[in-house]
Amino acid sequence: MPLAVNLRHLEAHNISLAGSLPVRELDIDPRDDVIQVRHPLEHDLEVQKVEDGLLVQGHLHLVLECQCVRCLKPFQHRLELANWACHLPLEGEDRVAVVNDCVDLTPYVREDILLEFPRHPLCDPGCRGLPSTSIGKLKNTSGTGKTEVGSSAWAELNKLKL
Ligand SMILES: [Zn+2]
């Protein structure tokens with residue numbers, strides 16, 4: 001649990017967590033074929049104890065490997081959460097899990113990072129994609145071509161039978 005806070009240490013002073021979280025630790029599932037997580041999550045967080053819980057604030061940065069949904073070109077998308085903040089209650093129904101005096105921040109970071117994933121990754125907001133005219137032509141020719149071949153083949157067979 002590299003992205004964890006020890007509550008005992010937090011009693012004395014705020015805790016700074018800075019570094020990079022390996023892909024396997026972040027363990028994020030993009031649920032999308034066009035997005036891949038291959039780079040560690042860079043983070044620079046400050047954790048402080050507040051009345052009923054923890055307040056985590058700081059900076060998250062993650063580079064995603066994406067494929068443009070319009071032109072299929074691979075590109076990198078930079079996720080930047082410059083002023084990320086998260087309140088984790090230590091009391092009440094929604095209190096966070098504490099294991100050996102430690103709270104793992106990874107699930108909360110993962111959740112908020114996922115929300116920032118692009119829904120339809122584009123290499124450029126103005127990407128015009130693959131020329132739509134050529135796709136239309138291809139579809140039309142292959143479609144009509146097949147039926148023509150089919151019908152002529154049947155015609156030939158009919159001739160043979162007669
Ligand atoms: Zn594109």
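All values below come from the heavy atoms of this structure, side chains included, with hydrogens, waters and symmetry mates left out. Read the numbers this way: they start at 1 and go in the same order the structure lists the ligands and their atoms. Index from 1, following the sequence. Nothing here was measured: the structure is a model prediction, and the numbers come from that model.
Classified by interplanar angle (parallel below 30°, tilted 30° to 60°, perpendicular above 60°), the ring pair Phe75/His77 is perpendicular.
Heavy-atom minimum distance, Leu114 versus Arg31: CD1-NH2, 3.4 Å.
Side-chain contact of Glu80 with His59: a donor-acceptor pair under 3.5 Å is present, judged by distance alone.
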Residues 10-21 side chain polar contacts: donor-acceptor under 3.5 Å, at least two apart:
{"unit_1": "Asn14", "atom_1": "ND2", "unit_2": "Glu46", "atom_2": "OE2", "d": "3.3"}
{"unit_1": "Ser16", "atom_1": "OG", "unit_2": "Glu46", "atom_2": "OE1", "d": "3.3"}

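Take His39 and apply the side chain to side chain contact (heavy atoms under 4.5 Å, CB included) test, not counting sequence neighbours, and it matches Val63, Glu65, Gln76. With sequence neighbours left out, Leu90 forms a side chain to side chain contact (heavy atoms under 4.5 Å, CB included) with Leu7, Lys49, Leu54, Val96, Val98, Val103.
Protein contacts to the Zn ion (ligand 1) involving N, O or S atoms at a distance below 2.8 Å are Cys68 SG, Cys71 SG, Cys123 SG, Cys127 SG.
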